[in-house]
Enquirer: 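Below is the structure I would like to discuss, written out as structure tokens.
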Amino acid sequence: MLHDAVRDALAGAAFELAMGPPPPGPAPGVTVLVMPARVEPGLWIEQLTRRPDASILLIEPRDCEAALVELRPERRYLGILDAPRIADAIRSASAWEARVTAAVTTK
């Protein structure tokens, strides 16, 4: 159900939607994993450990509240999402290189 909602929200947008877990290691561009918000935190922490370049969009299927989790800078609460805001949330994900550069320059 969550996959269908995200797929419909991204129809016609410039995103590639893949099924299943991402392969290990960094990918070019921005990788956003969409997961239900009720999943055990250990699961998305494990995904960030395997793919520190990825951003994770956690969506609560019942009311569409969401948060975007990145290894750097943090977890951002996104409020209640509709189809256009799901695409905007994915667009707001930072590229890994930009996050690392920001971390180095702020020290």
Enquirer: Name the one of Leu33, Val69, Asp53 that satisfies side chain to side chain contact (heavy atoms under 4.5 Å, CB included) with Leu48?
Expert: Val69

Enquirer: Tell me whether Arg85 contacts the main-chain N or O of Ile80 through its side chain, where contact means a donor paired with an acceptor under 3.5 Å.
Expert: yes

Enquirer: Report the C-alpha distance between Ile56 and Leu68 in whole Å, list the side-chain angles of each, state the deciding distance to 0.1 Å, and finish with yes or no for side-chain contact (heavy atoms from CB on, under 4.5 Å).
Expert: CA-CA 6 Å; Ile56 298 179; Leu68 187 68; over 6 Å; no

Enquirer: Which heavy atom in Glu70 sits nearest to a heavy atom in Ala93, and how many Å separate them?
Expert: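 For Glu70 versus Ala93, the nearest heavy atoms are OE2-CA, 3.5 Å.
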
Enquirer: Decide yes or no for Met35 and Leu57: does some side-chain heavy atom of the first lie under 4.5 Å from some side-chain heavy atom of the second?
Expert: no

Enquirer: Please find the pair of heavy atoms, one from Ala37 and one from Leu58, that lie closest to each other, and give the distance.
Expert: CA-CB, 4.1 Å

Enquirer: Holding to side-chain hydrogen bond (donor to acceptor under 3.5 Å, both in side chains), I want the full list of residues that pass it with Glu46, two or more places apart in sequence or in another chain.
Expert: none

